[in-house]
Protein chains: 2
Amino acid sequence: MMAETRDRLLAAGRKAFAEKGFSGASMDDLTAEVGLTRGALYHHFGDKKGLLAAVVAQLDGEMAARAMQAGESAGTGWAALEAQGAAYIEAALDPEVQRIVLLDGPAVLGDPSQWPSQNACLEETRNALIALSAQGLLKSVDIEAAARLLNGAALNAALWIAASDDPPATLPRAQEAFKVLASGFMVR
Amino acid sequence: MMAETRDRLLAAGRKAFAEKGFSGASMDDLTAEVGLTRGALYHHFGDKKGLLAAVVAQLDGEMAARAMQAGESAGTGWAALEAQGAAYIEAALDPEVQRIVLLDGPAVLGDPSQWPSQNACLEETRNALIALSAQGLLKSVDIEAAARLLNGAALNAALWIAASDDPPATLPRAQEAFKVLASGFMVR
DNA sequence: GGATTGACATACGCTGCGTATGTCTATTAT
DNA sequence: ATAATAGACATACGCAGCGTATGTCAATCC
């Protein structure tokens, strides 16, 4: 019963934050939509930010799962990183992800790498780079820095795509450029 | 007289937004600090978002000026882009820039490329890439996409650096990695 | 010299958050 | 079995903060 209430609030929060943004979402409306009051919300999540953090963690997990799957099915080596980046860009095209994880999340909760959810996507990128390094396919660069830059590039690409006139047409442009850019880390 | 009032409000907004974030900044407090009331603010900027937009435009202009100067003094060719990127990363280390332009700005005003201030830094990067392309030093990539990715990488690097334990030590790691990454766009 | 516009201040209402308090149910202890 | 306690919510309250409507005063235009 209690876990179900939490889930309902989480789902309502996800919807409201995606549609109206963090500051635009009313906790009164949000809770009423699932037949509850603010009392339940503050009991489970502490405050408005707490709910956002929970929603972000959920979305982050889903994104990482997709990226990991994409990386695995692309086999090993350099193709895995490229596939992962492409998947990340695609995931970030989701309006929910965009608004909640990429825009409001950092503004309200601070730098993503400090989140308890520990930015699972960044972790994925790091792992891929480590694997490449072990295979001798990577230039000698700072892994952490490289992962950061790649992630940032992909993230910004997604923002660009979503705001563009024709997202479906922009997507491949970004993904192609990402591959070329990432090749900067490749041994020649 | 009137321009001076506007400037005072702008300065107060810049300070308040930097220190307390957008939602944390009170328009009452902010205006009182320069001996005015909210009436003046709404007269000059329309609403709270209007003030933020004006502050962002100001900061954006300053950043672009610094990046351009760095690019010019680095001479021509590939070094210019690298210097520009490094300057961008450094500029983004400023807490004011960080909080206002990189965090709250996108969350409140939406994608930076849609801002009236037209993200001057992105423009700089684009120009540098065009110059490189004309010199035949650039792989055949989508210029717009490339500029986006480079900018995103630099931006995220800045966020990482600022949140790190030892920013001064992290800075060179990021800048070095940026150079390596950017070389992905270089003809071999 | 009256009318109009611009540059602010003042007053008001409403939304919305967080907290304090109340109620009911389900355990746990005795 | 019942008393006590803790958990899961709802209700009630206070307060900050935004936007708007209205008022005032000076400058300018006709």
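Every chain is numbered from 1, with letters handed out A, B, ... down the list of sequences.
If you measure from atom CG of A:L41 to atom C1' of D:dG7, you get 17 Å, rounded to the nearest angstrom. One interatomic measurement links the two molecules: CZ of A:R8 to P of D:dC9, which rounds to 9 Å at whole-angstrom precision. Going from atom CZ of A:R6 over to atom C1' of D:dG7 covers 15 Å, rounded to whole Å.
Placement of A:F185 and A:I89 within a single hydrophobic cluster is found when ILVMFWY residues are connected by side-chain heavy-atom separations under 4.5 Å, directly or transitively.
Pairs passing the side chain to side chain donor-acceptor pair (under 3.5 Å) check and including a residue from residues 19-28 of chain A, sequence neighbours excluded, read A:D28-A:R38.
Rounding to the nearest 0.5 angstrom, the gap separating the CZ atom in B:R148 from the OG1 atom in A:T170 is 10.0 Å. Taken from CD in B:E144 to CH2 in A:W160, the straight-line distance is 5.5 Å, to the nearest 0.5 Å. Atoms OG1 and NE2, on B:T37 and B:H43 in that order, are 11.5 Å from each other to the nearest 0.5 Å.
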Would you tabulate the pairs of protein nitrogen or oxygen atoms and nucleotide nitrogen or oxygen atoms of nucleotides 15-19 of chain C closer than 3.5 angstrom?
unit_1 : atom_1 : unit_2 : atom_2 : d
C:dC17 : OP1    : A:A25  : O      : 3.1
C:dC17 : OP1    : A:M27  : N      : 3.4
C:dC17 : OP1    : A:K48  : NZ     : 3.2
C:dC17 : OP2    : A:M27  : N      : 3.3
C:dG18 : OP2    : A:Y42  : OH     : 2.3
C:dG18 : OP2    : A:K48  : N      : 3.4
C:dG18 : N7     : A:R38  : NH2    : 2.6
C:dG18 : O6     : A:R38  : NH2    : 2.2

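Here A:T5 reaches the OP1 or OP2 of D:dC9: one of its side-chain N or O atoms lies under 4.0 Å away.
Closest to the B:H43 side chain, of the nucleotides C:dA7, C:dT10, D:dA10, is C:dA7.
A salt bridge does not link B:D104 to B:R14: none of the charged side-chain nitrogens sits closer than 4.0 Å to a carboxylate oxygen.
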